[in-house]
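Inspection log for the structure reproduced underneath, given as structure tokens.
A note on names: the letters A, B, ... follow the listed sequences, proteins ahead of strands, and every chain is numbered from 1. Side-chain atoms are counted along with the backbone in the values below, which use heavy atoms only and exclude waters and symmetry mates.
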Amino acid sequence: MHLKITTWNINSVRLRLDQVGRALDEIGPDILCLQETKCPDNCFPLEGLRAFGYPHIAQVGQKGYNGVAILSRFPFASVDPQAWCERSDARHIAVTLGPEAGKAAGFVVHNFYVPAGGDLPDPEINPKFAHKLQFLDEMRRWGRTREARPAILVGDLNVAPLEHDVWSHKQLLDVVSHTPIEIETLETLREEGGWIDGARRLTPEPTKIYTWWSYRSPNWAIANKGRRLDHAWLSSDLAGTLRSVDVHAATRSWTRPSDHVPVTASLEL
DNA sequence: ATGGTGGTACAACCA
């Protein structure tokens, strides 16, 4: 059995509903995890998304900011949103796949939107950066006690951990998303949690991988100053099932695009 | 060193 799971920071699900449909058509995943839906629960376009062939949707939203959603061809056995840093800011939702998912039954899918962290990489003077570090630290503690079962963790983790996950390692060492403290925290939590970095398992360094290009660069494609902020991790028991990880960079050239592009992991179970 | 763009929602905040 093939299992395909896509993660995409959509930066407003209502504004880009048609783009979600197009991406689902072209990629054809079993599960799509969205971040930055930017949509309160009572405005979430449930019916529009279901019409794309994904009848099962779990989501948590809030007005204006954040928000995560999981669309699935398979029913869920359970849905578990979680609050982090004692805030109710819609940055995580998890589902457990039901028996209808066949060999993937019982798999847990975690969808995260880690805080971006503001501009200044100093937790003493920038509370947003302090929040980001606290969030990652909480993920680390959570991962240590996670139940041992097949799991997939995806999302916009807002950290580009490796040298070739950014266009210039040296120039970004002081830039939030690539500072040593964030990298250390993310890599430690990934290793302690027993997670495998899907994209890098199949495409090791020094090949560059980017999933995000800033809106602020008009010549983003030519300049190509990207970062790999979006990740697909597998629990170690799924390591042997990973067949491909694709970055759908073409969506960045669509009209009125998200600044992030979809990332798809394909598993053979 | 600065400002560059985009989304929400309508001023200011976040990315």
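A:L136 contributes atom CG, which lies 9.5 Å from atom NE2 of A:H131 (distance to the nearest 0.5 angstrom). Once rounded to the nearest 0.5 Å, the distance linking CD of A:E268 with CG of A:L238 reads 12.5 Å.
The distance between the ring centers of A:H260 and A:W8 does not fall below 6.0 angstrom. You'll find the ring centres of A:Y215 and A:W220 outside the 6.0 Å limit.
B:dG4 and B:dA15 have their C1' atoms separated by 14 Å, with the value rounded to a whole Å. Rounded to whole Å, the separation between the C1' atoms of B:dA9 and B:dC13 comes to 11 Å. The same atom, C1', is picked in B:dC14 and in B:dC10; the two are 15 Å apart, to the nearest Å. Here, B:dT2 and B:dG6 have their P atoms 23 Å apart, quoted to the whole Å. With P as the reference atom, B:dG3 and B:dG7 are 22 Å apart, rounded to whole Å.
Ranked by how close their nearest DNA chain B nucleotide is to the 5' end, A:S214 and A:K63 are led by A:S214.
In secondary-structure terms, DNA chain B builds stems of at least 3 consecutive Watson-Crick or G-U pairs, each pair having both distances under 3.5 Å, at B:5-8 with B:12-15.
Each of A:N158, A:T7, A:N9, A:T211 was compared with A:D230 under the side-chain hydrogen bond (donor to acceptor under 3.5 Å, both in side chains) criterion, and only A:T211 meets it. A:D165 pairs in a side-chain hydrogen bond (donor to acceptor under 3.5 Å, both in side chains) with only one of the listed residues (A:R228, A:H231, A:K208), which is A:R228.
Taking atom CZ of A:R14 as the reference point, atom C1' of B:dG6 lies 15 Å away to the nearest angstrom. Straight-line distance from the CZ atom of A:R256 to the P atom of B:dT5: 15 Å, rounded to whole Å. The CH2-P distance, from A:W254 to B:dG6, rounds to 18 Å in whole Å. Taking atom CZ on A:R252 and atom C1' on B:dG6, their separation rounds to 10 Å, with Å as the unit.
Within the cation-pi definition used here (under 6.0 Å to the ring centroid, within 45° of the axis), A:R227 does not qualify as a partner of A:W167. A cation-pi arrangement is present between A:R146 and A:W195 under the rule of less than 6.0 angstrom and at most 45 degrees off the ring axis.
Ring-plane geometry between A:F112 and A:W142 is classed as perpendicular, the angle between the planes exceeding 60 degrees on a 0 to 90 degree scale with a lower cut at 30.
Contact check, A:S217 against B:dG4: no side-chain N or O comes under 4.0 Å of OP1 or OP2.
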List every contact pair, protein side and nucleotides 11-15 of chain B side both N or O, where the distance is under 3.5 Å.
unit_1	atom_1	unit_2	atom_2	d
B:dC14	OP2	A:K128	NZ	3.4
B:dA15	N6	A:R216	NH2	2.4
B:dA15	N1	A:R216	NH2	2.9

